[in-house]
Number of protein chains: 2
Amino acid sequence: MPPRSYVSPARSAAAAETRERVIEAASRTLREGESIARFSLDTVAKAAGVTRLTVYNQFGSRRGLLEAVFDEIARHGGLHQLADAMAMADPRAALDRMVEIFCGFWSRDSAVGRLHDAMATDPEFAEAIRERNERRRRGVTALTERIADKGASPQARRDAVDLIFALTSYPTFASLSAGRSKDEVCKVVQAACHAALANLSDPSS
Amino acid sequence: MPPRSYVSPARSAAAAETRERVIEAASRTLREGESIARFSLDTVAKAAGVTRLTVYNQFGSRRGLLEAVFDEIARHGGLHQLADAMAMADPRAALDRMVEIFCGFWSRDSAVGRLHDAMATDPEFAEAIRERNERRRRGVTALTERIADKGASPQARRDAVDLIFALTSYPTFASLSAGRSKDEVCKVVQAACHAALANLSDPSS
DNA sequence: AATTAGATATACATTATGTATACTCAATAT
DNA sequence: ATATTGAGTATACATAATGTATATCTAATT
């Protein structure tokens, strides 16, 4: 008697909707809660109107849920604009645009801050987020290579990339956000990035 | 029958020694453990050869212990050199020295990284650490004011201060430390700080 | 009409923090 | 000398969170 497994459009649609509802409840809980420490699956489940076990059914673990929330935020965070930015003719303008896009991303949903907090307590989640940040690093590297003079040393290039990577990170954005609008932070970061690149084109150093 | 309370030199000395031993065990546990999540008072107590309740006796809470560890690290972290640095005649040289001192501090004991992780889960601990960082901010502010031209706008000064504050923070240090020695990180940060100050003295912008 | 996927109900194991109470023992005070 | 005190211990308990296990319910499919 072979099991007659099947896929059910109605069922999987309902499951997908449940999943969405849980993710929505989770990001809302992250946004409104004052610390990642108070973020429990129990709270999320209640907010979504499901059982805690349903959350485990859908995401496997707390970590799985957090990753799903991050990916959802990333989907609506405007990162798709990066492709256009990278395609710009002027690499310096492209970098400015990239900074703008990431400032928009970091500021769009305050849950990203809480997710960065979650990196501290869950090394595997931290690794997952770091991997997602590699895209930003690759973008910075590509633009830096396009900007750098032929004579610029590999070390100078690496320094510029790593510095710009740090400048465009969430922690830097959060630090500069005290008393500044998103656009103001953006300008400060852009200026700092310009300065980081100055060493690569001006051989006077 | 009034209670005849008293202070015992021998007892309080023994208690102080116990306290030291617990702090030492805690920082070692932080250093060797791979995540703040695995840092429990139970582990620390066993490592120190005392009971968990003794830890509560001495520090009141997990948070109290973490603050004590941070303060102990700060005591031996070379921050006392800041006074000399601030007294230097050339404010730019003073800032370079300040960056050097903080790079030394962040790199001296890897437990500081774990303590910064603990900020994510405990808002009150985070606030306590932020207060201790205010000293750095004040230092940066004072030096920036000494460096800035008379014509530099208040906003430009604030931007420089906040950027340098972010550049000299632990997260930036940790980010730049991937594949770099302490001294190499120091040089990168110093150069970035110089660039952040350029806008304040060169009216060509 | 039987079966299946998703969700629920209930229970349990484990790990932490934090509090409470009674106890041991060496260091003090009278 | 002897009672008392402070630091640490032993044991127990309350609470909260993650994660696993098992049986059950219900609507969608075959």
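Values in this document were obtained by computation on a predicted structure and should not be read as measured data. First the proteins, then the strands, lettered A, B, ... as listed; each starts at 1. Values below: all heavy atoms of this structure, side chains included; hydrogens, waters and symmetry mates excluded.
Atom pair K46(A):NZ and dT8(C):P shows a separation of 13 Å (rounding to whole Å applied). For the pair R21(B) CZ and dG8(D) C1', the interatomic distance rounds to 11 Å; values are reported in whole Å. Counting to the nearest Å, the C1' atom of dC25(D) and the CG atom of N57(A) are 14 Å from each other. Residue L53(B) contributes atom CG, which lies 12 Å from atom P of dT17(C) at whole-angstrom precision. Rounded to a whole Å, the OH atom of Y56(B) is 15 Å from the P atom of dT9(D). If you measure from atom CZ of F59(B) to atom C1' of dA7(D), you get 14 Å, rounded to the nearest angstrom. Per the geometry, CZ belonging to R19(B) stands 15 Å off C1' belonging to dG8(D), to the nearest Å. Spacing between atom CD of E124(B) and atom C1' of dT17(C) amounts to 15 Å, rounded to whole angstrom units.
Between T18(B) and dA7(D), a side-chain N or O to OP1/OP2 separation shorter than 4.0 Å is absent. Taking only side-chain nitrogens and oxygens, T51(A) comes nearer than 4.0 Å to OP1 or OP2 of dT8(C).
Comparing the helix axis at one end of the helix from dA1(C)-dT30(D) to dT30(C)-dA1(D) with that at the other, each defined from 5 consecutive pairs, gives an inter-axis angle of 10° (nearest 10°).
For the pair D159(B) and N199(B), the minimum side-chain heavy-atom distance is 4.5 Å or more. Looking at heavy atoms from C-beta onward, W106(B) lies in side-chain contact with H116(B) at the 4.5 angstrom threshold. Within the 4.5 Å cutoff, the side chain of D162(A) has no heavy atoms near those of the V188(B) side chain.
R136(A) forms a cation-pi arrangement with F102(A), by the criterion of a distance under 6.0 Å to the ring centre and an angle within 45° of the ring axis.
In terms of position along DNA chain D, the nucleotide closest to G49(B) lies nearer the 5' end than the nucleotide closest to the other residue of the pair G49(B) and R63(A). Along DNA chain C, the nucleotide nearest R11(B) and the nucleotide nearest G60(B) are compared for position; the residue whose nucleotide lies closer to the 5' end is G60(B).
Between the side chain of R52(A) and the base of dG19(D), a donor-acceptor pair under 3.5 Å is found.
A salt bridge links D42(B) with K46(B): the closest approach of a Lys/Arg side-chain nitrogen to an acidic carboxylate oxygen falls below 4.0 angstrom. A salt bridge does not link R138(B) with E134(B): none of the charged nitrogens is closer than 4.0 Å to a carboxylate oxygen.
No donor-acceptor contact under 3.5 angstrom links the side chains of Q190(B) and H194(B), judged on distance only. Residues T121(B) and R62(B) have side chains that never bring a donor and an acceptor to within less than 3.5 angstrom of each other. Side chains of R21(B) and T54(B): a donor-acceptor N/O pair is absent below 3.5 angstrom, by distance only.
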Can you list the steps and then say if E184(B) with K187(B) is a salt bridge (Lys or Arg N to Asp or Glu O under 4.0 Å)? CA-CA 5 Å; E184(B) 289 167 336; K187(B) 277 174 198 155; over 6 Å; no
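Counting only heavy atoms from C-beta on, Q58(A) has its side chain closest to dA7(C) among dA9(C), dA7(C), dG8(D). Proximity note for A10(A) (side chain, C-beta onward) versus dT8(C), dT29(D), dA27(C): the nearest is dT29(D). Comparing dT21(C), dG18(C), dG19(D) against the side chain of S61(A) picks out dG19(D) as the nearest.
Residues of residues 32-43 of chain A having a heavy atom closer than 4.0 Å to DNA chain D, listed by number: F39(A), S40(A), L41(A).
Using a 4.0 Å heavy-atom criterion, one finds that S12(A) contacts no nucleic acid atom at all. Within 4.0 Å of R62(B), counting heavy atoms only, lie sugar-phosphate atoms of the nucleic acid but no base atom.
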